[in-house]
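Since the structure comes first, as structure tokens, the remarks are kept for the end.
Both ligands and their constituent atoms are indexed starting at 1 by order of listing.
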Amino acid sequence: MEPEMDALKVPILPEHQSSSPTPWSSRLTKRIIIPTAVSGALALGIFSFFLNFNSAPVPVPLPGSLYSVIIDAGSSGSRVHVFKYSIDQSGAPVYSFGPDHHKVSRFLGGLSTYANNLEGAKEKVEQLVGFAKEIVPQDMWSRTDIRLMATAGMRAIAKTDQESILNTAKQVFRSRPGFHFRDEWAYVISGSDEGLYAWIIANHALGLLGNTGTTGIVELGGASAQVTFELSNQQVNSVDSHMKTCNSFPYRIYSHSFPNYGKDAALKRLMDNLQYPDGEEVEEDVEDPCTPQGYTYQNNRRKYLSVFLADESEYTRLVAAGNFARCKIKTLELLQEGNEMCPSNSCAIGSTYTPPVQGRFLATSNFAYTSEFFHLNELNWMSDLRQKGEEFCQKTWEALELEYRGTLNYSEEYLRGYCFSSAYIIAMLERLGFNDESTIEFSNEVHGTSLDWALGAFIDSFSQPSIAPAPSPALTSGHSGGDSRKFLGF
Ligand SMILES: Nc1nc2c(ncn2[C@@H]2O[C@H](COP(=O)(O)OP(=O)(O)OP(=O)(O)O)[C@@H](O)[C@H]2O)c(=O)[nH]1
Ligand SMILES: [Ca+2]
């Protein structure tokens with residue numbers, strides 16, 4: 001039985017269309033000018049709308065801007081996204097993700113690490129809210145919804161700890177004066193929704209929503225990895241197939257999140273497997289082919305962001321001995337753990353059924369961070385990554401530190417992970433069936449739109465009328481009366 005379809009109204013004015021949305025800096029002047037002309041423009045807008053309803057009219061955003069805030073609570077960091085948008089005469093949202101309409105601030109350290117420090121969690125959430133309050137005019141706070149959506153880092157901790165952190169966040173969101181908030185808007189999202197949201201923003205930015213032939217997404221986060229793509233006629237078990245309607249086009253989408261297959265979580269598991277192969281600690285030292293020779297395993301709490309790599313001092317039996325080929329063998333073993341329990345003959349990762357990938361894909365987050373570090377071009381990027389990984393893995397940690405410390409964006413934590421991530425990426429993509437590298441590109445943005453899943457969640461929020469924000473007074477006074485909710489078409 002396929003799950004219910006939920007309609008998704010795709011924005012009228014995507015990023016790459018001509019009209020330039022209201023720049024934030026001139027928000028005040030725009031608001032003063034528009035109301036005087038609004039009745040004329042609006043009447044004309046509605047009139048022309050009915051006259052030529054066949055050809056999609058270019059929407060005229062109504063006066064006044066609306067805002068929405070989404071916090072992405074990830075395992076290695078929290079990001080607060082502030083969206084500014086408007087509503088057109090048909091009640092459809094009009095938005096874009098350029099700098100005038102989308103602002104984001106990224107805070108280091110995952111909320112899931114504050115289970116034993118709720119005061120710290122409160123301060124972190126207050127910081128996130130404070131950023132949004134600097135952007136949204138205070139007279140719009142009560143009409144601006146705020147949502148906190150947590151991902152794999154939070155999924156990985158005990159339910160009781162999740163609840164105490166989320167309750168702390170809810171208290172902050174409820175404090176007055178503040179944004180429009182409902183308790184159910186601070187929650188842990190499912191991995192498949194995380195993948196679906198990433199798929200929505202990528203295909204929105206590519207202008208592909210509304211027809212078949214969309215682009216799939218493979219995302220390698222810190223804690224989890226997501227695989228999401230449009231299905232044609234394969235059968236998949238219903239738990240991973242989702243229905244989404246965009247621009248009245250019904251999509252069947254495969255979306256699965258692989259917990260603990262994110263880059264940091266997987267590296268930790270690989271080190272665990274080396275030191276405690278059967279749950280018991282080895283008696284002899286063992287080589288770790290995924291870490292550059294000479295690296296010392298120590299307590300990283302004060303310098304690393306990842307909860308998974310916070311303390312490597314337990315790995316007293318590991319001897320860093322970087323070797324790409326051997327590392328890749330270990331990562332393949334990791335990806336095939338549990339494969340014997342695969343319900344079919346197609347489980348690329350663990351024991352989860354993954355239909356054969358089809359069409360074009362974007363590889364995001366750590367796929368892109370690693371490829372950009374090695375300055376790869378899209379053409380033949382996987383072959384080049386194998387070669388760059390081989391060169392990188394065989395360098396000593398001392399040589400790498402000498403080469404990279406002091407360079408732009410240097411981070412010991414990231415440098416420590418590139419031998420592993422280069423091998424892990426190749427192994428994962430091979431397991432998923434990406435043999436033709438021309439069908440998959442790495443990127444963290446498209447046409448200037450960052451591929452954060454939170455942008456897809458913002459788009460999707462308009463398909464759930466129950467949580468659509470109330471319009472600003474300017475909107476209700478500017479149209480022919482009646483219930484403003486009805487006017488918005490929800
Ligand atoms: N090399 C490099 N890695 C980065 C950079 N920024 C983030 N990362 C890595 O990318 C991962 C974080 O990506 P995200 O998708 O934001 O992961 P997250 O949201 O913190 O964690 P999840 O809960 O798994 O989604 C971590 O493995 C980070 O180490 C960067 O600028 N360079
Ligand atoms: Ca993430």
Side-chain angles (χ1 to χ4, degrees), residues 70-81 104-114 124 128 148-157 162 165 187-199 201-202 217-228 256-270 300 303-310 362-376 385 388-389 392 400 404 407-422 424-425 428 442-445 450-457:
I70 292 181
I71 294 170
D72 159 7
S75 66
S76 67
S78 304
R79 303 91 198 182
V80 51
H81 296 266
V104 59
S105 185
R106 301 177 191 275
F107 291 77
L108 302 179
L111 265 186
S112 47
T113 60
Y114 286 88
K124 177 69 76 177
L128 294 158
L148 182 143
M149 301 163 86
T151 55
M154 199 74 96
R155 289 181 215 125
I157 63 175
Q162 289 179 23
I165 293 170
Y187 64 110
V188 182
I189 65 171
S190 69
S192 53
D193 278 354
E194 183 179 358
L196 282 168
Y197 294 143
W199 177 87
I201 186 57
I217 294 288
V218 190
E219 176 178 357
L220 185 55
S224 66
Q226 285 71 245
V227 179
T228 308
H256 187 86
S257 178
F258 296 87
N260 285 316
Y261 281 93
K263 180 207 72 167
D264 304 321
L267 174 54
K268 175 168 177 45
R269 284 172 54 211
L270 186 135
N300 304 313
K303 53 184 179 175
Y304 284 12
L305 298 168
S306 165
V307 65
F308 299 99
L309 305 177
L362 281 174
T364 66
S365 192
N366 271 303
F367 288 112
Y369 295 133
T370 300
S371 304
E372 287 154 8
F373 171 77
F374 288 116
H375 302 299
L376 303 183
L385 180 56
K388 294 284 186 183
F392 186 92
L400 290 169
Y404 291 102
T407 57
L408 190 65
N409 299 330
Y410 165 80
S411 148
E412 180 191 318
E413 176 177 8
Y414 299 154
L415 191 69
R416 181 261 177 281
Y418 290 130
C419 174
F420 168 74
S421 62
S422 57
Y424 185 54
I425 284 171
M428 181 180 277
F442 62 85
S443 183
N444 274 333
E445 63 90 36
S450 70
L451 298 183
D452 288 271
W453 59 260
L455 279 64

* Asked: Taking all non-hydrogen atoms of both residues, which atom of Ala225 and which atom of Met428 are closest, and how far apart?
  ->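 Scanning both residues, the minimum pair turns out to be CB-CE, 4.1 Å.
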Under 4.0 Å from a heavy atom of [X]: give me the atoms of ligand 1 that qualify, with their elements.
X      : value
Lys263 : 27 (O), 29 (O)
Ser365 : 13 (O), 14 (P), 15 (O)
Ala152 : 23 (O)
Thr151 : 22 (P), 23 (O), 25 (O)
Ser75  : 18 (P), 19 (O), 20 (O), 21 (O), 22 (P), 23 (O), 24 (O)
Asp264 : 26 (C), 27 (O), 29 (O)
Glu194 : 25 (O)
Gly77  : 20 (O)

Determine, using heavy atoms of [X] and all atoms of ligand 1, whether some pair is separated by less than 4.0 Å.
X      : value
Ser306 : no
Glu219 : yes
Gly262 : no
Arg155 : no
Gly153 : yes
Arg79  : yes

N/O donor-acceptor pair under 3.5 Å between [X] side chain and [Y] backbone:
X      : Y      : answer
Arg269 : Asn260 : yes
Glu413 : Ser306 : yes
Thr370 : Phe367 : no
Asn366 : Gly221 : yes
Ser257 : Gln226 : no
Glu219 : Gly195 : no
Arg416 : Ser411 : no
Asn300 : Leu309 : yes
Tyr410 : Leu415 : no

Can you report which non-hydrogen protein atom sits closest to [atom], along with the distance?
atom                    : result
atom 7 (C) of ligand 1  : Tyr369 CE1, 3.4 Å
atom 17 (O) of ligand 1 : Gly222 N, 3.3 Å
atom 12 (C) of ligand 1 : Ser76 OG, 3.5 Å
atom 24 (O) of ligand 1 : Ala223 N, 2.6 Å

* Do the ring centers of Phe373 and Tyr404 come within less than 6.0 Å of each other? -> yes
* Structure fact -> A student comparing Tyr418, Tyr261, Trp453, Tyr414 should find that the heavy atom closest to atom 28 (C) of ligand 1 comes from Tyr414
* Asked: For atom 9 (C) of ligand 1, which candidate among Leu415, Thr370, Asn366 provides the closest heavy atom?
  -> Asn366
* Quick one: do the Glu445 and Ser450 side chains pair a donor with an acceptor below 3.5 Å? ->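 There is no such pair (donor and acceptor under 3.5 Å, judged by atom type) between the side chains of Glu445 and Ser450.
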